[in-house]
Structure formats: structure tokens, C-alpha cells
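Okay, structure first, notes after.
A quick note: this is a predicted structure, and the numbers were derived from the prediction, not measured.
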Amino acid sequence: MPAEDLPKNYQPGEIEGRWYRHWKEAGYFHADAAAPYAPFSMIFPPPNITGILHMGHALTCTIQDVLVRWRRMQGYNTLWLPGTDHAGIATQMVVERELRESEGKSRHDLGREKFLERVWAWKEKHGSRIATQLELLGASMDWQRACFTMDAERSHAVREAFVRLHEEGLVYRAERLINWCTRCRTALSDLEVEAEPSMGELFHFAYTLDGGGEIVVATTRPETMLGDTAVAVHPDDERYKALIGRTIAHPFVERALRIIGDPVLVDPTFGTGAVKVTPAHDWNDFEAGKRNGLPMVNILNLDGTLNAETGAFAGIDRREARKRVVEELTARGLARGTTPHAIPVPRCQRCRAIVEPMISLQWFVSAEPLAKPAILAVEQGQTTFVPEGWTGTYFQWMRNIKDWCVSRQLWWGHRIPAWYCDAGHVTVARTDPPSCSTCGDARLRQDDDVLDTWFSSALWPLSTLGWPGATPALRSFYPTSVMETGYDILFFWVARMMMMGIHFMERVPFRTVLLHSMIVDEHGEKMSKVKGNVIDPADVIEKHGADALRFALVWLSTPAAQGRPVKLSMRRIEESRHFCTKIWNAARLALMNLEGHDADTFAIALQDGPEGASLSLADRWILSRLHRTAAEVGGALEAFKLNEAAQILHRFFWHELCDWYLEMVKGPLRGEGAPHDQSDRRTLIAAQGTLATVLDVALRLLHPFMPFVTEEIWRTLPRPDGVPQSLMITLYPTADERFLDDEAERTVALLQTVISELREIRALYNVPGQTRLEATLVTTDTRTRAAIEAHGAIVRDLARLDRLSVAAEPPPRDGSTAVGVFGEIELFVRPVDIAGERLRLQKKLDRAMADLASCQRKLDDEAFRARAPDEVLKEWEERARSLGEEVKRLRDATEGGAE
RNA sequence: GGGCGGAUAGCUCAGCGGUAGAGCACCUGCCUUACACGCAGGGCGUCGCAGGUUCGAUCCCUGCUCCGCCCACCA
């Protein structure tokens, strides 16, 4: 008996590892670039090698796995390519900390080469943790193609891209204002700096003019005055106009400041209308400095202390310097008071240290020429965003893009392929050059810096598919179909992949960008170790299984809302676990009743549609519902509404298949009223066949969402010859219109209404489950009578009746008859202890009359009658008629009742 | 300062021109031979506020209030 194949209890832990190994070994995850099917490809956003699986990974992985498994089952040549990211700063910091803690050494103690050996060793040891954890989730990734951002091929791609961009003038080296993190000791891109709102003060002080007089300026960063090279006023400002061109002797250093007129920098209505200008340490001032040819004086050392340019202040930390400058200015009688002022403090995204704008010689990627085609591509719809609201965000950023500082003063990363000779010539080359390309000098020094980690990430869809080689994979799978990722890296990553992909391939890197929200706890709070509200995916998987976690994540995640997070709680996960159990138990019930079922014969019978088998009403109904569900699920998946697909499946499986279909057929299947003749036999065969078919199709529909439990069950089901060995490579079901059956759905809806009404009466009067009732259904509608007569057995079973009769006229009532009225149907149920019956009916009558009245009011409205479309009017008239009938019957029941 | 979301049952969210839906929670019965991780039944809402369009608005338009997110150098 096959039921023995499914243990009584659903134990995910036992099942999941087994199936994952099986699928992987069978090669189901591997994509063949030469396969002759339409491609569906996705590249998994590479997690940092320092990463440990968190809910964000679990969400992105689950969404992508659902898409991939669905497309694979549809027959696409499906590639899902995994990989990991070297994560420059993050990894370097982790290894440095380890080095410090275990040996008390810094990376400088080891030197570059030795330190990098350590990092590689660390990577070998820990770098694949995350991959193992993704396997626990069921990720059907093509592990054979796994990449690492710093492996040989990817490094080759990075170098090729850099050199090519340099040749094209899109990569350049220049002295520019950049964001400098004094703790990480590296330059950062604009994106790696976060503005933190804070309350500071605006300090006012006076500069004494050469030849007498003063000009008052204000600043939130007094120490920067040590780098001032001018004071700017608005050229039209009557107060200061005359001062333009005069000079100021800096009070602390040997430097003369000019008073300049600059209509861009200065807003004459703000503050005193005079602005101190520090071109080397302020973004606006830098621009003003360029406009006005001002000297740019860098006053900071790389560690954030003041340098020799600051005279007596040299060597002091910038924070201390701020106080000292205020003190000194005050001492000299130049302070002019402070006012509270809100200031955004720029902080390093990684270490939270305050970032200093600083002039520095760095490498940049020229952004605008790359951004333009990337904007155009989206405008033309070559790539679309889901939800589409993100399109605007993308445009906004792309249209205001600034050059990208890509050099980092780190050791761990792709070293910049630029070499310098003593004469200062720069050689940028694909292979390490023997001598300077300008002067032939053989004494070359490679640039010490490495590239921003996001530079290699930007190339990811290209480099993972083999670019710059013209590989079969690149030919088959580029552009990729979907890029699914969190909206938080839209600019960091998605936008840059667009730019690079289009630039190097002349085609967008992906057709659809699918963005998911951030995961928070059930109260909407960000999950953090400090708050202790973290839900660890690994724990959840161990406790409830990957299927439960996956289903919960997909169920909850609406791709639609910008700024609306996914609220995850253990409760939701448990709920989803219950669903797994429900499926398990439904399968057990089915298996217990499939003895003698011949999958082949039934499959053949259904080949030409439902007519081929002697299907009962219940069978026709569930098949109709099944095919409708398949259609709805397909539509939802096509629209990337995964949560909707999950909901539809949940509702179908639980509330239609289990609550109604299984209840309708389990009696007959069990052999109550064993087959007497050929026709009964055929009915039994049809019922078993339908049950097995519905379960089979439902499991396939569910498989992308919960791959393990569905596979486990599916393998125990009897199935026709010639189907694949694994559920994950069967065909994803599509709706077959021949099975859609409006008539069966209408009839079952009627039976459901009658059964619910009977159950309501039973519940209302506390009739014990064992008590069998008898009921008479009264209606003048012949079709209803016929339907109930034909399918009375179902009503009797599900409403626990002894006898159900149908009549045109109400039967005599006694003191133990309850009456149910809905529409034009009356139900007389007995024996029931009907104390309070009149009250109950009266309440129903009141409600029906109120409904009827408001309905009538609407119909009496001349404007409505005149303007509303015919069909709407008809609907309302029909409603009024039906309500009228109900009221009439309820009134009879109320008055005619005993008691 | 600019841009984008959201406001619907106690909670999480669907619906988006024809008198409001789901799941959970709650209440009441049930250990009915698949499942108590279950079954059956029940109550629950001035659909953020104010105007407008319409025969009719939760749904469309305008304004407002409150929440959330992103971008931005005003000293």
C-alpha cells in the first residue's frame, strides 16, 4: 500500500538534504549553453565572502529560485548563475581584525604580499559558507559555473574593461575633491557616504581686511578656515560690492585671501551674505575655486590630523582643531557668536567615521557618456523595472550622475593596471608592461591602489558569462532575463551594470529589474543583533524546514511598495509550516485511497478532455477549479506577483481541494456503498484518477515555492509511465480550457450554500456532531430541485443528515423544526431544540428588509434609472426581486413557526 | 529643497466606479478513522480628513493631515 511511503508526520529535516543532493547530482541545476531551447537566465547577486546567510539573502534567493524553477519546468533553457564577491573593504577589515587579535599585528607589519596571502587563505576557509547555506534553502543554482569576483577570468575581465575605458577616455586620473574616510584611509565614492542629520552650530567670525574693516562669515566647520583662500560675496550685493578685489591676511597662516564676487556660491539672503571659501575641503567651494582660479590648500593628513599648511595647528586632530580654532578666534576678538544649526554629517557607510572632502589624485570613471545610453535603453523599454515606480528613481539618479571615483587605497581588490615611470608617465596596459609606453623606461611601479569593489560587480553579468571572450554562454544567456535584487543597491549595482553592459555589449544586461523590499521584524523594526530581533534563516530551516521559510517569504513579499518593508515574524513562518503539513496530510489521505488506481489508463482517458472518463460532479468541479487556478497562478507569475501566486495556491489547496473536494469524495472513495455494478466501478476509477491528477498538478504548481515537500510527496504518487523521474523537471501545468466547467462550478456553489446553511443551523442550536438530522429543501425553482435531488448524497455527507428531501411546498412543522431561508430556498431542519428560533429569524428578516429597502431606494431613484447602464439596472432589479422573495419566506417562517 | 510610496476589520494586507474581501487574532461548538500544525460556525469596518466629478466614489480629480523611503553641497 503506497500510503506506507509517507510517514504519519511531516519531518522536513529528513527530506530536504536528501532531495537537494539528489537534484544536484542528477545535474538538474546545470545549464547547457548549447541546448536548443529558449533561454531564461538570471545571475545571482553575489554575496560577500564575509557574508553569513541572513533573511535578505533568503528572500532574494527564494524569489529567484521560484522564478527559475518555474521557467525550468516550463521548458526554458534555464541558467541561474551563482558567485561571490571579494568585498574589498569588508574583507580586508575582517582579516585585519583577525590579524590584530591573534598576532597583534597590522597589515603593514606583514606587508602587502604576505597580507594578501592571508586574505586568500581566509577566503579559502570561509568564503563558501554562504553557498552552503543557499543550498539549504533549495537554491537550484548552476554551481558548476560559480564565479568569484577575483578569480582569474573575472580579473581578466576587470582589467580588459578598465584598459578599454581608459583607451576611450572614459577612465582618467585626476586631482579632484573626493570623499576621504580617515579611518578606512581610503577614498570613497559618493554612494558610500551617508549623510547623518545632526544638530551643530553655526560659528560666526570676522576676517580683518587689509587696510581696515572686517567681513563676517559663518561656518559649521571652523577648522576649515585654515584652508580658506577667499571670501565670496554676491557681486550684486550692495553691502559688499565695493569690497570685491580687496585682500585679507589670514590670521593664523601666511596666506592672503581674496574677496571675490560669485553669484553661484553666494545667496545674499543667507547669513551675513559673505562666505568663506575652502576649495580643498568643500564641494561648493571646490567648484567656486575652479571658477575663480583660487589656490586649493589641503590642510589634512590622511589620518585626519592637520598638516603643515596649518602652521601652529599641524598635527592636531580635526575635531580638536575645531575647538582650538574657535578658542583662538575668540581670544583675538574675532568671534561673532554662534547659532544652533542643523547639519548633515557625512559618514562612511562602512565604519561610520566622519568623512572629509579632500583634494586627492584618484582614478575616475567618466559617468555621463555611460549613463546616457543607459537612460535611453530604459526609455525605450529595453529594460523595465518591476515595480515600475523605480523607473523614476533610476532616471533621477542617472540624469544627475557624477564621475565615479574608482580607486581605493586598499590592498584587497583588483589592482589598478597603471604603471608609472620616474618621469611621471602613465602606462595603462592589459598585461604587465616591461617598460614605460612613453619613454621606454624599464623601471616601472604599478599603482598601489585597487578598484572599487563595485567596479567588478558592474561587470558581473558580462564577466560571469565569459566576457571578453565570445563564449557560448555569453551568446546564449546575455542579456539575462531578470535581475532580482534589493532596491538598496539600485545605484550601486543595477545602474552600473546597465552602463557597463550596454557599453561593452551594446545590449542591456537584463530585460527586467525586479526589486524586492527590505525585511524587518513584525513591528516594522530593522532586524539587528543589538535589538535581538533577528530571525536567522538557518535556525528557521532547521526548525520548520526550508519550504516553510520559502513559502512565508514569498507569501509576504509584495514587490509593489516602495518604502514598505516585508514584515516577517515567526508566526507567519509557523503558519506556512502548517500549510506544508496540510499538504502532507492531504497526500496521505489520497494515498490511502488510491489502491487499484491505474495512472496510465486514467491519463489516456483524460487525453481528450473530461468526457473520456465518467467524472462525477465533484470531479468535474475540482478539475475546473484546478485549471482556473493554474491559469491564475501562471498570470501572477508572469506579472512577477509571486505573493499573489502563493495566495492563490494556498487558497485552492486548502479551501477548495481539502475543505470541499476531499470531503466530498472521501466517503465514496473509502468504499461506502461499495461498487455494485460497472457504472459504480467507473465512478470509483474516475474519482481515484481525478484525485491523483489534481494532486499531481497541484504539486507541480506548488513546486517552485516549496520544492522539497512537493518532490517527496510526488515521488510516492502513482504516475503514468514516461514522466520524468523528478518533479522539478516535469512540465509546469497550464490551464486546459476543456476542463473549465461553469455548470459544475455553479452547481457546487449551490451545494456549498445549502451545506453551509445546514451547518449554521447545526452550530446555532448546538446540535452535537453525532446527532443526525433530517432536512427538507423547499423551492419552486426546478433546476435547483433537480440539482439537489441529483447530488443529495454530497449534502447529506457534508452536513451530516440522515435524510434530505426536496419539495415544492413547505412540510408541516412541529416544535423542533428550524427554518433556514436564503434567496428563494427554504430549509426545514429537524429535530432541533429551537429555543430562540423566532429571535434568530427575526434578526435575519430585519437585515433582509433593510437590504431590500436600500435596494428599492436606489431603484426608485429616477436619475439612477435614467443614467445607469441596462445591465447594472437589471442586476439591481434581480437583487431586489430575490431579496423580496427572501423577505417573504422569512416573514412566513417567523409568523408560521411554532413556539 | 526635490522625488517616490502608504493610510481599508484588533494585526498584516488584497480590492480600485455599482451597497466592502482574505489570512491571522478573537468568540462558540467539535479529539467526525488525512490533519487539533485540525474541522465547523460567528462577530467585526463613518475604506485618513475636506471639497469636487458622476445616476452612483473605498476606487477618479483637487487640497489637507499623518506615517515611511530615496536623492540633495547652502555657508
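In this structure, CG of A:L568 is placed 12 Å from P of B:C13, rounded to the nearest angstrom. Rounded to whole angstrom, the span from the CD atom of A:E632 across to the C1' atom of B:G15 amounts to 14 Å. In this structure, the CG atom of A:L859 is 12 Å from the C1' atom of B:G18, given to the nearest Å. Nucleotide B:C74 holds its P atom 11 Å from the CD1 atom of A:I343, rounded to whole Å. Distance, A:L202 CG to B:A75 C1': 7 Å, rounded to whole Å. In this structure, the CG atom of A:L758 is 20 Å from the P atom of B:C39, given to the nearest Å. Look at CG on A:N593: it is 14 Å from C1' on B:C35, rounded to the nearest Å. As rounded to whole Å, 21 Å separates atom P of B:C74 from atom CG of A:D237.
Nucleotides B:U62 and B:U53 have their P atoms positioned 15 Å apart, rounded to a whole Å. Atom C1' of B:C39 sits at a distance of 8 Å from the matching atom of B:U32, rounded to the whole Å. B:C71 and B:U46 have their P atoms separated by 38 Å, given to the nearest Å. Between B:G43 and B:C27, the two C1' atoms lie 8 Å apart (nearest whole Å). Comparing B:G41 with B:A7, their C1' atoms sit 33 Å apart, to the nearest whole Å. The C1' atoms of B:C44 and B:A9 are separated by 6 Å, rounded to the nearest whole Å. The separation of B:C67 from B:A75, taken at their P atoms, amounts to 25 Å, rounded to a whole angstrom. The gap from the P atom of B:C26 to that of B:G10 amounts to 15 Å, rounded to the nearest Å.
Both tests do not hold together for A:R347 against A:W180: distance to the six-membered ring centre under 6.0 Å, angle to the ring axis within 45°.
Considering only side-chain atoms of A:R759, the nucleotide from B:A34, B:C37, B:G41 that sits closest is B:G41. Listed nucleotides: B:A75, B:G38, B:C39. Nearest to the side chain of A:H578: B:G38. Of the candidate nucleotides B:G42, B:C37, B:C74, B:C37 has the atom nearest to the side chain of A:T581. You'll find that the side chain of A:D267 is closest to B:A75, out of B:A34, B:A75, B:U12. Among the nucleotides B:G2, B:U19, B:A40, the one closest to the side chain of A:Q396 is B:G2.
At B:G56, none of the side-chain N or O atoms of A:K858 fall inside 4.0 Å of OP1 or OP2 (strictly under the cut-off). Contact between the side-chain N/O atoms of A:T272 and the OP1/OP2 oxygens of B:A75 is not found at any separation under 4.0 Å.
Within the 4.0 angstrom heavy-atom criterion, base atoms lie near A:D851. At a threshold of 4.0 angstrom between heavy atoms, the contacts of A:R762 with the nucleic acid are absent. Residue A:R221 is classed as having no contact, given no heavy-atom separation below 4.0 Å to the nucleic acid. If you check every strand for non-hydrogen atoms under 4.0 Å, A:F491 touches sugar and phosphate atoms only. Using a 4.0 Å heavy-atom distance criterion, A:A218 is classed as a sugar-phosphate-only contact. Here A:P357 lies out of heavy-atom contact (under 4.0 Å) with every strand. Within the nucleic acid shown, A:W876 comes within 4.0 Å of at least one base atom, counting heavy atoms only. Using a 4.0 Å heavy-atom cutoff across all strands shown, A:C855 reaches at least one base atom of the nucleic acid. Backbone-only engagement by A:S756 is indicated by non-hydrogen atom pairs under 4.0 Å involving sugar-phosphate atoms exclusively. When heavy atoms are screened at a 4.0 angstrom cut-off, A:L265 is found touching base atoms of the nucleic acid. A:D282 comes within contact range of no nucleotide atom at all, as no heavy-atom separation falls under 4.0 Å. Counting any heavy atom pair closer than 4.0 Å across all strands shown, A:E522 reaches no nucleic acid atom.
A salt bridge between A:E878 and A:R881 is present, with a side-chain N of the basic residue lying under 4.0 Å from a carboxylate O of the acidic one. Between A:D403 and A:R176 there is a salt bridge, since at least one side-chain N of the basic residue sits less than 4.0 Å from a carboxylate O of the acidic one. Of the charged side-chain nitrogens involved, at least one lies within less than 4.0 Å of a carboxylate oxygen, so that A:R572 and A:E575 count as a salt-bridged pair. Here A:K526 does not pair with A:D521 in a salt bridge; the nearest charged N to carboxylate O distance is not below 4.0 Å.
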Within the sub-3.5 Å range, which N or O atoms of nucleotides 22-31 of chain B have a protein N or O partner, and how far apart are they?
residue	atom	partner	partner atom	Å
B:G23	O2'	A:E575	OE2	2.9

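Using the six-membered ring where Trp is involved, A:W584 and A:Y10 have ring planes that are tilted, between 30° and 60° apart. Taking the six-membered ring where tryptophan is involved, the planes of A:H341 and A:F270 are perpendicular, since the angle between them exceeds 60° and thus also 30°.
Mapped onto RNA chain B by nearest heavy atom, A:L764 and A:K567 fall at different nucleotides, with A:K567 at the one closer to the 5' end. Nearer to the 5' terminus of RNA chain B, by closest-nucleotide assignment, is the contact made by A:N9 (compared with the other of A:T220 and A:N9).
Counting only Watson-Crick and G-U wobble pairs whose two key distances fall under 3.5 Å, RNA chain B forms stems of three or more stacked pairs at B:1-7 with B:65-71, B:10-13 with B:21-24, B:26-30 with B:38-42, B:48-52 with B:60-64.
Across all non-hydrogen atoms, the minimal contact from A:L556 to A:K567 is CD1-O, 3.5 Å. The two residues A:A232 and A:D262 have their closest heavy-atom pair at CB-CB, 4.5 Å.
Judged by distance alone, with hydrogens and angles left aside, A:K582 brings no side-chain donor or acceptor close enough to the base of B:C37 to form a pair under 3.5 Å. Checked by distance alone, A:E663 brings no side-chain donor or acceptor within 3.5 Å of a matching partner on the base of B:A40.
No donor-acceptor distance shorter than 3.5 angstrom exists from the side chain of A:S517 to the backbone of A:P565, with no hydrogens or angles considered.
Using modelled atom types and a 3.5 Å distance limit, the side chains of A:E192 and A:S189 yield a donor-acceptor pair. Side-chain atoms of A:S557 and A:N643 form no donor-acceptor pair, as typed in the model, at a separation below 3.5 Å.
The 12-atom threshold is not exceeded at CZ of A:R571, counting heavy atoms of other residues, nucleotides or ligands nearer than 6.0 Å.
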